[in-house]
**Q** 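Mind having a look at this structure? Questions to follow.
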Amino acid sequence: MITQRQKALCKQLQIEFKDTGLLLQALTHRSADPKNNERLEYLGDAILSFVIAEELFNRFPQVKEGKLSRLRASLVKGETLAEIARELKIGEVLILGPGELKSGGFRRESILADAVEAIIGSLYLDQGLDTVKALILRLYDERLDSIDVTETVKDPKTRLQELLQSRKQPLPIYSVREIKGENKQPVFEASCQVTLLDKVVMAQGSSHRKAEKKAAERALTLIESAL
């Protein structure tokens with residue numbers, strides 16, 4: 001049985017689950033039960049990325065792939081999902097283990113973001129793509145409407161540098177080497193070392209700059225997912 005607060009969440013989302021067990025699983029953190037929301041989160045992440053990509057593609061027919069990718073990344077990243085979760089007060093209906101409850105897991109950004117993705121995954125299983133697509137577009141309505149495609153999106157290296165500076169961390173250390181590619185085309189492999197990560201991030205590109213940018217983007221993704 002779902003609680004009154006969980007029913008209120010469904011009403012707010014304008015959805016009604018046929019199988020309420022899927023909703024309960026979506027709200028269950030791994031600290032509370034072996035049957036938790038991790039697999040649903042994986043599914044929801046893929047569906048969310050697809051729906052947002054399709055919507056951006058249709059809304060902005062003149063915008064190039066690179067900018068569309070950056071816009072999508074900003075919309076589906078953990079920070080944005082956690083904002084949505086807070087707006088919906090999802091933290092109040094999460095099912096957490098004693099340890100997570102005590103440490104304030106219902107406020108943790110990663111747990112909130114995962115729950116939003118899990119709800120998307122569970123609704124897809126319960127009612128299919130059309131219903132879940134409508135939900136996603138409702139959740140993102142204001143954010144999509146506020147997009148200004150003329151606004152300059154900072155490149156990953158700049159964003160990574162600003163993130164580290166805001167946390168009073170040393171700047172990233174990059175190293176690039178040329179490796180042999182197919183058809184004798186030059187390929188560059190960049191490493192990005194950041195104190196917030198316990199491993200060196202690697203990426204490849206067709207130029208020195210592109211390889212560094214990809215490495216910075218991966219480092220950003222790893223840092224943001226851990227916050």
**Q** So, Ser69 versus Glu65: side-chain donor-acceptor pair below 3.5 Å or not?
**A**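 Checked: Ser69/Glu65 side chains pair up, N/O donor to acceptor below 3.5 Å.
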
**Q** I'd like to know if Arg159 pairs up with Glu79 as an ion pair, taking the criterion as any Lys NZ or Arg NE/NH1/NH2 lying under 4.0 Å from an Asp or Glu carboxylate oxygen.
**A**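 Between Glu79 and Arg159 there is no salt bridge, as every charged N stays at least 4.0 Å from the carboxylate O atoms.
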
**Q** May I ask you to check if Lys157 and Tyr174 form a cation-pi contact, with NZ or CZ under 6.0 angstrom from the six-membered ring centre and within 45° of the axis?
**A**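 Cation-pi check for Lys157 and Tyr174: passes.
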
**Q** Can you tell me how far the CD1 atom of Ile120 sits from the CG atom of Leu48, to the nearest 0.5 Å?
**A**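 Atom-to-atom, Ile120:CD1 and Leu48:CG are 4.5 Å apart.
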
**Q** Output the distance between atom CG (Leu160) and atom CD (Gln165), rounded to the nearest 0.5 Å.
**A**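 Between atom CG of Leu160 and atom CD of Gln165 there are 10.0 Å.
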
**Q** Would you say the side-chain atoms of Arg218 pair up with the backbone N or O of Met202, donor to acceptor, closer than 3.5 Å?
**A**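 The answer is yes, because a donor-acceptor pair under 3.5 Å joins these two groups.
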
**Q** Determine yes or no for a side-chain-to-main-chain donor-acceptor pair under 3.5 angstrom, with Asp19 supplying the side chain and Asp126 the backbone.
**A**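 No.
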
**Q** What's the separation between atom CG in Leu81 and atom CD in Glu117, rounded to the nearest 0.5 Å?
**A**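 Interatomic distance, Leu81 CG to Glu117 CD, rounded to 0.5 Å: 5.0 Å.
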
**Q** Looking at Phe188, is its backbone amide N or carbonyl O close enough to the side chain of Gln204 to form a donor-acceptor pair, meaning the two atoms are under 3.5 Å apart?
**A**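 Checked: no pair found.
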
**Q** Sub-3.5 Å donor-acceptor pair from the side chain of Glu100 to the main-chain atoms of Gly97, do we have one?
**A**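 Checking the backbone N and O of Gly97 against the side chain of Glu100, no donor-acceptor pair under 3.5 Å is found.
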
**Q** To check you understand the geometry: which heavy-atom pair defines the closest contact between Val194 and Cys192, and what is its length?
**A**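 Looking at all heavy atoms of both residues, the closest pair is CG2-SG, 3.8 Å.
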
**Q** Could you give me the CA-CA distance, side-chain angles and deciding distance for Leu56 and Leu144, then say whether side-chain contact (heavy atoms from CB on, under 4.5 Å) is met?
**A** CA-CA 8 Å; Leu56 292 172; Leu144 287 165; 4.1 Å; yes

**Q** Looking at Glu55 and Lys133, does any basic side-chain N land under 4.0 Å from a carboxylate oxygen?
**A**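 Result for this pair is no, no salt bridge flagged.
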
